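Structure first, commentary second.
The structure presented is a predicted model; accordingly, all values stated were derived computationally and were not measured. The figures here come from the full heavy-atom set of this structure, side chains too, leaving out hydrogens, waters and symmetry mates.
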Amino acid sequence: MLIRTHMCGHAREGHVGQTVRLNGWVNSYRDHGRLIFIDLRDRSGLTQLVFDPDDGAPAGLMDAADKLRNEDVIAVEGRVRVRVGGENPKLATGRVEVVVTALEVLNKTANPPFLPDDGAELPNEELRLRHRYLDLRRPRMQQALQTRHRVYQVTRRYFDAQGFLEVETPVLYKSTPEGAREFLVPVRNVPGTFYALPQSPQLFKQIMMVGGADRYMQICRCFRDEDPRADRQPEFTQIDLEMSFVRREQVMETMEGFVRELFGQVLGVQVPPMLRMGYREAMERYGIDRPDTRYGLEIQDLSELAARTEFAIFRAALDKGKDRPRFNSKRGVVKALRVPGGAERLTRKITDGYSDLVRGFGAGGVAVVKVLGGEGGPRLDTGVAKFLEPVKAEFLSAVGAEPGDTVLFVADAYAVATKAIGELRQRVARDMGLVPEWGKAWNFLWVVDFPMFEKNKETGKWVAMHHPFTAPRDDQRDLFVRADLQDEVAIESVVSAGYDIVLNGSEIAGGSVRIHDPAVQSKVFQLLGLSAEQAREKFSFLLEALSFGAPPHGGIAFGLDRLVMHLCGTENIRDVIAFPKTQIGQDLMTRAPSQVPEKQLAEVHIKSTWSPPEGQR
RNA sequence: GGGGCGGUAGCUCAAUUGGUUAGAGUACCGGACUGUCGAUCCGGUGGUUGCGGGUUCGAGUCCCGUCCGCCUCGCCA
């Protein structure tokens with residue numbers, strides 16, 4: 001075999017006159033009969049090969065070159081020269097070409113179902129996933145793989161320099177059925193028992209702190225058996241971190257440094273000091289705990305004003321949870337969104353769509369009013385205009401509305417109205433073209449001061465907003481320890497020592513200072529409805545560990561896949577995972593998951609209850 | 001589990017109100033061609049319209065079911 005001397009993408013004028021050997025795939029061929037051009041591709045790029053009988057190519061070589069097709073794998077030897085036919089500015093190697101004197105066909109290809117060409121329209125994703133090896137040859141996929149590789153390297157280097165220890169934790173783990181649904185692994189040696197795959201190595205990393213590791217780092221696979229989304233897969237990768245002898249500040253500083261290093265190294269982007277925003281402020285201004293601050297369009301609370309209108313829907317909403325304090329999830333509110341220039345762009349059809357959108361989040365609909373210009377100053381038009389007319393001046397100044405604006409309202413209990421209008425805000429931003437394109441804005445944000453607990457809507461039980469090992473914020477500890485577990489309002493108001501990093505409206509990391517005090521941990525379990533026995537049964541190892549001298553500790557986990565998505569400018573997580581899964585968790589290339597023989601099931605003491613539905617094979 | 005969009009040649013798509021033999025580009029095969037770079041020109045092969053059922057004189061098109069892909073709600077401590 002003609003072993004290569006260079007990579008295809010590296011040929012430059014400096015190589016002119018040299019004899020080189022290249023290996024790669026035929027990216028395209030242009031056959032002029034007595035003259036043949038081949039673009040040869042490897043991971044590094046393309047080089048043009050020329051087969052010319054007047055320039056060292058005997059008839060046998062021309063015949064062989066004549067048979068080359070896209071995606072054949074070849075090795076060539078030849079001489080580098082300045083291009084005779086003029087430069088191709090589209091290629092990095094476009095000033096030179098290789099005049100081939102020897103060709104070895106290493107592997108003919110079957111006719112590929114599609115060509116790995118970024119310029120062409122991509123085939124449907126099903127086909128790309130089935131023939132992933134072809135899709136991965138596309139330059140864009142190669143770039144994504146390289147970016148991901150860079151992330152691994154920068155991560156290890158940064159945290160190594162910061163004194164973190166890379167530790168592997170078990171993938172065969174214990175089932176702890178709170179939180180996400182788990183993947184189970186039946187066990188051969190202990191009949192009737194199962195491992196679970198970890199949703200995250202949370203408890204191991206805490207125990208590493210008790211074990212004196214001081215600072216822990218792992219790039220680890222996590223598993224959650226939940227339905228995927230564009231930015232979510234059932235198996236995904238976290239950069240998992242934990243630090244001892246710290247409070248919130250030290251963790252945040254270290255992690256901010258990492259983000260700065262990462263974006264600097266990979267994209268050359270300077271990350272300014274990150275803004276911090278409390279959870280409540282985020283919910284008030286943006287209606288979501290991961291605000292996209294690349295555009296304004298802030299939400300306003302018009303409850304007081306709305307209470308003075310005769311609009312029945314507002315009144316009904318404001319009657320909800322009247323006795324509850326402000327910001328309580330069940331207290332009725334009226335939220336408004338001023339859309340500059342919306343009067344013209346947001347047609348009736350579009351605003352009707354907004355009502356459908358918010359109904360999906362449990363709200364009744366969107367009330368609309370347009371602000372129009374006129375001789376006698378601004379006037380209100382359409383929708384709820386007549387109800388607002390009596391408080392018009394106050395309304396206009398409260399929301400800062402100007403002629404040409406549309407104001408959208410959502411009225412409901414605080415939790416419902418806030419979520420609905422937060423989602424609406426993002427939709428409106430897209431519709432109004434307010435979202436900057438990729439690379440134009442990098443809005444990093446710490447979101448802090450989350451509530452410790454929230455009520456599960458279905459079961460009515462308290463659940464930990466982050467996870468049950470998150471500590472209360474330092475100034476909240478005594479309040480929490482003394483709080484009456486029956487006092488809903490008090491429990492809902494306890495603030496945690498958690499923190500998330502949000503980038504352009506997407507959560508890229510989340511963490512917290514942990515509970516290192518067994519008394520606090522027990523109270524959390526109690527509140528979550530875990531009896532002392534249950535807690536001991538599930539987490540005895542943790543409670544025990546905490547009782548043997550646990551240092552104060554805290555950490556965070558970055559969603560590595562999402563980080564790479566941001567760094568690559570894609571909205572599809574499958575673009576940054578070499579072998580991703582579909583919406584029902586299949587790998588279309590290997591056809592996993594698959595059935596297994598009865599014998600194999602018997603070995604692990606499993607019997608399947610599944611059988612094909614009636615009428616199917 | 002719910003909602004939406006999609007599935008027609010290897011691939012990307014088209015096909016009028018349900019109406020003749022389901023077309024085009026590309027890939028592939030054959031031929032021509034000495035400077036292309038999405039080469040060009042000529043010719044050709046290629047179809048279970050995802051699958052199953054139904055309505056109809058007639059179904060790619062309408063109806064029912066089902067599978068698969070994508071987006072999304074729920075879910076994701």
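Following rounding to the nearest Å, D117(A) (CG) and rC37(B) (P) show an atom-to-atom distance of 15 Å. The separation between I573(A) atom CD1 and rC70(B) atom C1' is 15 Å, rounded to whole Å. rG10(B) atom P lies 19 Å from atom CZ of R69(A), rounded to whole Å. In this structure, K205(A) places its NZ atom 13 Å from P of rA77(B), rounding to the nearest Å.
rG65(B): Watson-Crick or G-U partner is rC51(B), with both key distances under 3.5 Å. Taking a pair to require two hydrogen-bonding distances under 3.5 Å in either a Watson-Crick or a G-U wobble arrangement, rG18(B) remains unpaired. The nucleotide rA24(B) finds its pairing partner in rU12(B), both defining distances of the Watson-Crick or G-U wobble pair being shorter than 3.5 Å.
Of all nucleotides listed (rG10(B), rG74(B), rA27(B)), rA27(B) comes nearest to the side chain of N70(A). With rG35(B), rC71(B), rU12(B) as the choices, the nucleotide that has an atom nearest any side-chain atom of Q48(A) turns out to be rG35(B). In this structure, the nucleotide among rC73(B), rU34(B), rC28(B) sitting nearest to the side chain of L35(A) is rU34(B). Among the nucleotides rG1(B), rC71(B), rU36(B), the one closest to the side chain of D227(A) is rG1(B). Checked against rG38(B), rC70(B), rG69(B), the side chain of Q586(A) finds its nearest nucleotide in rG69(B). Of the listed nucleotides (rC33(B), rC68(B), rU12(B)), rC33(B) has the atom at the smallest distance from the side chain of H32(A). Of the candidates rU36(B), rC70(B), rG38(B), the closest approach to any side-chain atom of E97(A) belongs to rU36(B).
Each of E87(A) and L122(A) lies near RNA chain B, and the nucleotide nearest L122(A) is the one positioned closer to the 5' end. Mapping R34(A) and E423(A) onto RNA chain B by nearest heavy atom places R34(A) at the nucleotide closer to the 5' end.
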For residues 6-13 of chain A, tabulate all N or O donor-acceptor pairs below 3.5 Å that involve a side-chain atom, not counting sequence neighbours.
{"residue": "R12(A)", "atom": "NH1", "partner": "G9(A)", "partner atom": "O", "Å": "3.0"}
{"residue": "E13(A)", "atom": "OE1", "partner": "R95(A)", "partner atom": "NE", "Å": "2.9"}
{"residue": "E13(A)", "atom": "OE2", "partner": "R95(A)", "partner atom": "NE", "Å": "3.3"}

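Heavy atoms of K67(A) sit nowhere under 4.0 angstrom from any nucleic acid atom. I584(A) comes within 4.0 angstrom of sugar-phosphate atoms only, judged by non-hydrogen atoms across all strands, and of no base.
Aromatic ring centres of F37(A) and Y29(A): separated by at least 6.0 Å. Outside the 6.0 Å centre-distance limit, the rings of F194(A) and F183(A) are not counted as a close aromatic pair.
Atom NZ of K461(A) is surrounded by 12 or fewer heavy atoms from other residues, nucleotides or ligands within 6.0 Å.
Residues passing the side chain to side chain contact (heavy atoms under 4.5 Å, CB included) test with V481(A) are R477(A), V520(A), sequence neighbours excluded.
Taking the 5.5 Å centre cut-off and the 30° plane limit, the aromatic side chain of F37(A) is classed as stacked on rU36(B). The stacking criteria are not both satisfied for H466(A) over the base of rA77(B), which would need a centre-to-centre distance under 5.5 angstrom and an angle between ring planes under 30 degrees.
Summarising the geometry of K523(A) relative to A483(A), their closest heavy-atom pair is NZ-O, 2.7 Å, with the distance given to 0.1 Å. I515(A) and D517(A) make their closest contact through CG2-O, 3.2 Å (heavy atoms, listed as atom of the first residue, atom of the second, distance).
In this structure, R30(A) reaches the rA39(B) phosphate: one of its side-chain N or O atoms is under 4.0 Å from OP1 or OP2. The phosphate of rA77(B) has OP1 or OP2 within less than 4.0 Å of a side-chain N or O from R224(A). In this model, the phosphate group of rU40(B) is not approached by any side-chain N or O of Y29(A) to a distance below 4.0 Å at OP1 or OP2. Side-chain N/O atoms of K455(A) include none lying less than 4.0 angstrom from OP1 or OP2 on rA77(B). Proximity of S28(A) to the phosphate of rA39(B): a side-chain N or O atom is located under 4.0 Å from OP1 or OP2.
The base of rG74(B) is paired with the side chain of R229(A) by a donor and an acceptor separated by under 3.5 Å. Judged by distance alone with a 3.5 Å cut-off, a donor-acceptor contact links the side chain of D54(A) to the base of rU34(B). For a distance-only test at 3.5 Å, the side chain of R81(A) qualifies as a donor-acceptor partner of the base of rG35(B). The base of rC76(B) sits within donor-acceptor range of the side chain of R232(A), with an N or O pair under 3.5 Å.
Separating the C1' atom of rG65(B) from that of rG58(B) is a span of 23 Å, rounded to the nearest Å.
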